[in-house]
Amino acid sequence: MSSKMKAWICNEYGNPADVLQLNPDVAVPNLKEDQVLISNSCASSVSKMKAWVYDEYGNSQDILKLDADVPVPNLEEDQVLIKVVAAALNPVDDKRMLGLFKLTDTPLPTVPGYDVAGVVEKVGSQVKNLKVGDEVYGDINEKALDHPKENGSLAEYTAVEEKLLALKPKVLSFTEAASLPLAIETAYQGLERSGFSAGKSILVLGGAGGVGTLVIQLAKYVFGASKVAATSSTGKLDFIKSLGTDLAIDYTKENFEDLPEKFDVVFDTVGQCDKALKAIKEGGNVVAIIGSVKPPASLFVVTSNGSVLEKLNPYLESGKVKAVLDPKGPFPFSHAVEAFSHLQTGRAIGKVVIHPIP
């Protein structure tokens, strides 16, 4: 998108016929956190956009390039075209770029990005509920590892099936909303898969991460956990307590699997299945989102579903469940490579978000 625009301006007060002048070189307004940029030109007339693209597999620092001439995605009947305001990064983006599931990936070149928050610019003929101007958020890929979209959310526009989206809670900024979909759906679906319910106890491995921060909150405030324990490094113990953790375990000083207390469920976000199995009660469950597992542990991959977001929107509206943004962000669109570098350190707290997007 251009940094300049045409606009009618006046430099003095008076009769509009006398003072209004058409200026083709006016700076496009800068966005504040709670604002969206609206164009008088219809999105359907825009054929090209800026996007981050890679056309080979490898490290993001080597392959990810900003391209100002990417075609705007074509819209399917059940999709909406979103003007992207903010997007979040996920470890799956990095794994995809490295080619770790290229056998089930879509053909290159690829615009990365799963999480999106933005404004509906156009709707397909079969879209039933969303309309132009709606503020929405969601994970744009129904199956994370099975032919995810070629045109992701690290772009000015992305096309998404209506069923994968929900209306953005009004109390959330676009940055906060973008941080949530993949992680909160993973947390919710993992808790459901484990059979977690009110009165049960849970141990969250990796409590300060993008998924872990939401598992803690959902277990405590949505599912009604009797006790929430979570692991983190020393400097993040107070932080995970602030999210609702009853027992914060410093993994640099304690082996959680050796603690006398055992749990109904262990939610493993870091790939420590063998140790997790030692921390469950008899008849307990381990649910993992990474690494290799053995029974009774189970490994699962999230399925994007806008209805999960709709179900959780009241908890977000009330503030019972909060988005957690990494303090180094948000990263501007032009700094996406730096954002990926930060994600790759494994030291991010919550989610790494890209905002604003031109």
Side-chain angles (χ1 to χ4, degrees), residues 88-95 114-115 172 175-191 194 196 201-223 225 227-257 259 261 263 265-273 275-276 279 286-291 302 312 315-316 319-331 338-354:
L89 307 186
N90 291 281
V92 67
D93 289 301
D94 206 40
K95 292 179 173 65
Y114 284 64
D115 286 325
L172 296 186
T175 304
E176 291 169 324
S179 76
L180 287 165
L182 188 148
I184 203 168
E185 291 176 24
T186 299
Y188 184 84
Q189 292 174 20
L191 287 166
S194 72
F196 197 74
S201 61
I202 188 170
L203 169 62
V204 184
L205 305 185
V211 174
T213 55
L214 290 162
V215 176
I216 291 169
Q217 295 182 78
L218 295 187
K220 187 73 171 276
Y221 303 116
V222 177
F223 284 79
K227 187 169 189 176
V228 177
T231 65
S232 77
S233 59
T234 309
K236 299 173 184 176
L237 294 175
D238 288 339
F239 167 67
I240 62 173
K241 288 178 183 177
S242 74
L243 298 176
T245 300
D246 302 300
L247 174 63
I249 302 167
D250 185 344
Y251 68 75
T252 70
K253 298 178 180 178
E254 293 184 274
N255 296 319
F256 66 85
E257 69 273 21
L259 295 176
E261 184 173 5
F263 302 89
V265 170
V266 176
F267 199 123
D268 180 10
T269 75
V270 296
Q272 295 184 328
C273 177
K275 293 181 179 180
V286 173
V287 62
I289 60 172
I290 188 173
V302 65
L312 296 174
Y315 297 94
L316 296 163
K320 287 185 177 179
V321 177
K322 297 178 174 63
V324 180
L325 306 179
D326 185 82
K328 289 187 178 296
F331 290 80
E338 290 89 334
F340 271 110
S341 294
H342 179 53
L343 180 70
Q344 290 160 2
T345 66
R347 294 194 290 270
I349 297 174
K351 292 299 291 293
V352 177
V353 178
I354 306 294

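Worth knowing before you read on, the calculation uses all heavy atoms, side chains too, and leaves out hydrogens, waters and symmetry mates.
Side-chain contact check for D93 versus L343: every heavy-atom pair is 4.5 Å or farther apart. With contacts defined as side-chain heavy-atom distances shorter than 4.5 Å, the pair L316/E176 does not qualify. Considering only heavy atoms from C-beta on, I290 comes within 4.5 Å of K95 through its side chain. No side-chain heavy atom of P330 sits less than 4.5 Å from a side-chain heavy atom of L325. No side-chain heavy atom of Y251 sits less than 4.5 Å from a side-chain heavy atom of L205. L191 is listed as a side-chain neighbour of I202, based on a closest heavy-atom distance under 4.5 Å. With a 4.5 Å cut-off on side-chain heavy atoms, I289 and F267 count as touching.
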| request: Could you walk me through whether L180 and L214 pass side-chain contact (heavy atoms from CB on, under 4.5 Å), step by step? | output: CA-CA 9 Å; L180 287 165; L214 290 162; 3.9 Å; yes
**Item:** Derivation and outcome, side-chain contact (heavy atoms from CB on, under 4.5 Å), residues L203 and I249
**Value:** CA-CA 10 Å; L203 169 62; I249 302 167; 3.9 Å; yes
Practice problem: Check the pair L312, V321 against side-chain contact (heavy atoms from CB on, under 4.5 Å), reporting the backbone distance first and the verdict last. | Solution: CA-CA 9 Å; L312 296 174; V321 177; over 6 Å; no
- Message: Run T213 and F239 through side-chain contact (heavy atoms from CB on, under 4.5 Å) and show every step you take.
- Response: CA-CA 9 Å; T213 55; F239 167 67; 3.9 Å; yes
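Across C273 and D268, no two heavy atoms sit closer than the pair N-OD2, 3.3 Å. For the pair A279 and V266, the tightest heavy-atom approach, listed with the atom from each and the gap, is CB-CG2, 4.1 Å. Scanning all heavy atoms of the two residues, the minimum distance from A88 to S179 falls at CB-CA, 3.9 Å. N90 and Y114 get closest at one heavy-atom pair: ND2-CB, 4.2 Å. The two residues F256 and K275 make their nearest non-hydrogen contact at CZ-CB, 3.5 Å. Residues K322 and Q217 come closest through the heavy atom pair N-OE1, 2.7 Å.
Counting only distance, with no hydrogens or angles, the side chain of T231 and the backbone of G206 share a donor-acceptor pair below 3.5 Å. The backbone N or O of P91 sits nowhere less than 3.5 Å from a side-chain atom of D94 that would complete a donor-acceptor pair.
In this structure K227 satisfies the side-chain hydrogen bond (donor to acceptor under 3.5 Å, both in side chains) test together with E261, sequence neighbours excluded. Partners of D250 by salt bridge (Lys or Arg N to Asp or Glu O under 4.0 Å), not counting sequence neighbours: none found.
Legend: salt bridge (Lys or Arg N to Asp or Glu O under 4.0 Å) pairs involving residues 209-221, not counting sequence neighbours, sorted by first then second residue: K220-D246.
Atoms CG and CG, from D115 and L182 in turn, are 5.5 Å apart once rounded to the nearest 0.5 Å. With values rounded to the nearest 0.5 angstrom, L247 atom CG is found 10.0 Å from L237 atom CG. We find the CZ-NZ distance between R347 and K328 to be 8.5 Å, quoted to the nearest 0.5 Å.
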